[in-house]
A.B. asks: 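One structure is given below, represented as structure tokens, and several questions about it will come after.
Below, chain A is the first sequence line, B the second, and so on; all start at residue 1. Computed from a predicted structure; not experimentally measured.
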Amino acid sequence: MMDVLASIRPDSWNFPLFLHVLGAMVLVGAVTAAVVAQLWTVTPADGDRLRRFSFRTMLFVAIPAWFVMAAGSEWIYSKEFGDSSDDPTWVGIGFMTREGGGLLLLIATICAGIASRKSKSGLARASGIIAAIALAAWIVAIWAMAAKPS
Amino acid sequence: MDLNDWILSLHVLSAFALVGAMVIFTLMIVALWNTDNPARVVAFMPLSRVGAVLVMAGIAGTIVFGVWLAISLDAYQLWDGWVIAALVLWAVGTALGQRSGEEYNAAAVQAQDDLKAGRPSSLPAYGASRAFWLHVGVVVVILLILIDMIWKPGA
């Protein structure tokens, strides 16, 4: 949906696009923070603090941002493509990374919650790696939304 | 895909880096709110380093690729009102962010020194300080830039 960033579009598309982009930006920032906090711990004492930070960031910021991004994407999709069954490739990439990334984010958050509660550094690292995979997929999606490969 | 598509994607990726960094700094400010524990501040320093790298990439990428696009695309000109507004907001946001970053950096260095010396810390930056309000200013400016980029008033 971000392809329309660089073009003039009907005014009614602007707010859904704004919601979609803002949600995606907060999502990417929050997951980046969570990944760095899980994977870049200097001392064991830092580990407890950062595991808790990472879990809360995913639960209270990243997951709500994912819902805002997803709601915005459905809204702008319904306006831009309606009932069309022939989606461009970049839309397919967007849907795939949205759903797959959302599932990975959920798994990473559950792992982070258990790791934070039980001080399990291995599980925290797994949570960071899973979230990093989701983040990589979303970076590909951002490129696809903007560059629109056909 | 032509060159303009690549420039647009790099411009958008830079914008994500910039806003992502602001999200990281905001989360750190919330996590360290009113703290007087230097160890806690030092624990977050790797995160602030990542944020700083993203800010630099975002600031440079948004302006370079944004101006390139405005010159390259026939539909837009550098002197369009919404482009000028974005450039002015970008400059204001960069200046505010630099001041805020300097104050938070000074507080982080102080926390590191206090932790090494084993002395109690006073960290006024980590509350409703001038650094905090400058950061709020940056967040508002970035939101205005995003609104300007999407609505393109006058285009």
A.B. asks: Under the side chain to side chain donor-acceptor pair (under 3.5 Å) rule, collect the residues that match up with Thr26(B), sequence neighbours excluded.
C.D. replies: His135(B)
A.B. asks: Does anything in residues 57-67 of chain A reach chain B? List residues with heavy atoms under 4.5 Å apart, or say none.
C.D. replies: Thr57(A), Val61(A)
A.B. asks: Within the 4.5 Å heavy-atom criterion, are Trp138(A) and Phe16(B) side-chain neighbours or not?
C.D. replies: no
A.B. asks: Nearest 0.5 Å please: distance from the CZ atom of Phe15(A) over to the CD1 atom of Ile147(B).
C.D. replies: 9.5 Å
A.B. asks: Please classify the contact between Ile139(A) and chain B as side chain, backbone, both or neither, with a heavy-atom cut-off of under 4.5 Å.
C.D. replies: both
A.B. asks: Please answer: with hydrophobic residues joined when any side-chain heavy atoms are less than 4.5 Å apart, are Met56(B) and Ile142(B) in the same cluster?
C.D. replies: no
A.B. asks: Is the CH2 atom of Trp133(B) crowded by more than 12 outside heavy atoms at less than 6.0 Å?
C.D. replies: no
A.B. asks: Does Val53(B) share a hydrophobic cluster with Phe44(B), counting links as ILVMFWY side-chain heavy atoms below 4.5 Å and allowing steps through other members?
C.D. replies: no
A.B. asks: In chain order, what residues pass the side chain to side chain donor-acceptor pair (under 3.5 Å) check against Asp113(B), with sequence neighbours excluded?
C.D. replies: none
A.B. asks: Grouping I, L, V, M, F, W and Y whenever their side-chain heavy atoms are under 4.5 Å apart, do Val30(B) and Leu50(A) come out in a common cluster?
C.D. replies: no
A.B. asks: Rounded at 0.5 Å granularity, tell me how far CZ in Phe18(A) sits from CH2 in Trp151(B).
C.D. replies: 5.5 Å
A.B. asks: Does the pair Val12(B) and Trp143(A) meet the rule for a side-chain contact (heavy atoms from CB on, under 4.5 Å), with working shown?
C.D. replies: CA-CA 8 Å; Val12(B) 172; Trp143(A) 165 78; over 6 Å; no
A.B. asks: To the closest 0.5 Å, what do you measure between CG (Asn14(A)) and CD1 (Ile150(B))?
C.D. replies: 7.0 Å
A.B. asks: What part of Ala15(B) is in contact with chain A, defined as an atom under 4.5 angstrom from a non-hydrogen atom: side chain, backbone, both or neither?
C.D. replies: both
A.B. asks: Leu18(B) versus chain A, heavy atoms under 4.5 Å apart: side chain, backbone, both or neither?
C.D. replies: neither
A.B. asks: Given Thr32(A) and Leu54(B), is the side-chain contact (heavy atoms from CB on, under 4.5 Å) satisfied, shown in steps?
C.D. replies: CA-CA 10 Å; Thr32(A) 303; Leu54(B) 287 175; 4.2 Å; yes
A.B. asks: Between Ile24(B) and Ala33(A), which heavy-atom pair has the shortest distance, and what is it?
C.D. replies: CG1-CB, 3.8 Å
A.B. asks: Within the supplied structure, the quantity of interest is the number of heavy atoms (other residues, nucleotides, ligands) at a distance under 6.0 Å from Arg117(A) CZ; does it exceed 12?
C.D. replies: no
A.B. asks: Which bit of Ala39(B) comes within less than 4.5 Å of chain A, counting heavy atoms only: side chain, backbone, both or neither?
C.D. replies: both
A.B. asks: Check Met25(A) against Val23(B) and note the closest heavy-atom contact, atom names and distance.
C.D. replies: O-CG2, 4.4 Å
A.B. asks: Nearest 0.5 Å please: distance from the OG atom of Ser9(B) over to the CE atom of Met145(A).
C.D. replies: 12.5 Å
A.B. asks: Do you reckon Ile84(B) sits in the same ILVMFWY cluster as Trp90(B), going by side-chain contacts under 4.5 Å, direct or chained?
C.D. replies: yes
A.B. asks: Using the side-chain contact (heavy atoms from CB on, under 4.5 Å) rule, take Leu143(B) and Leu22(A) through it: C-alpha gap first, then chi angles, then the decisive distance, then the call.
C.D. replies: CA-CA 9 Å; Leu143(B) 273 176; Leu22(A) 185 63; 3.8 Å; yes
A.B. asks: Start with the C-alpha distance between Trp40(A) and Val50(B), add both sets of side-chain angles, then the distance that settles side-chain contact (heavy atoms from CB on, under 4.5 Å), and finish with yes or no.
C.D. replies: CA-CA 10 Å; Trp40(A) 197 344; Val50(B) 171; 3.5 Å; yes
A.B. asks: For the atom pair CE (Met149(B)) and CG (Leu17(A)), what is the distance rounded to the nearest 0.5 Å?
C.D. replies: 12.5 Å
A.B. asks: Test of understanding: clusters of I, L, V, M, F, W, Y form through side-chain heavy atoms closer than 4.5 Å, transitively. Do Val41(B) and Val109(B) belong to the same one?
C.D. replies: no
A.B. asks: Which residues pass the side chain to side chain donor-acceptor pair (under 3.5 Å) test with Arg56(A), not counting sequence neighbours?
C.D. replies: none
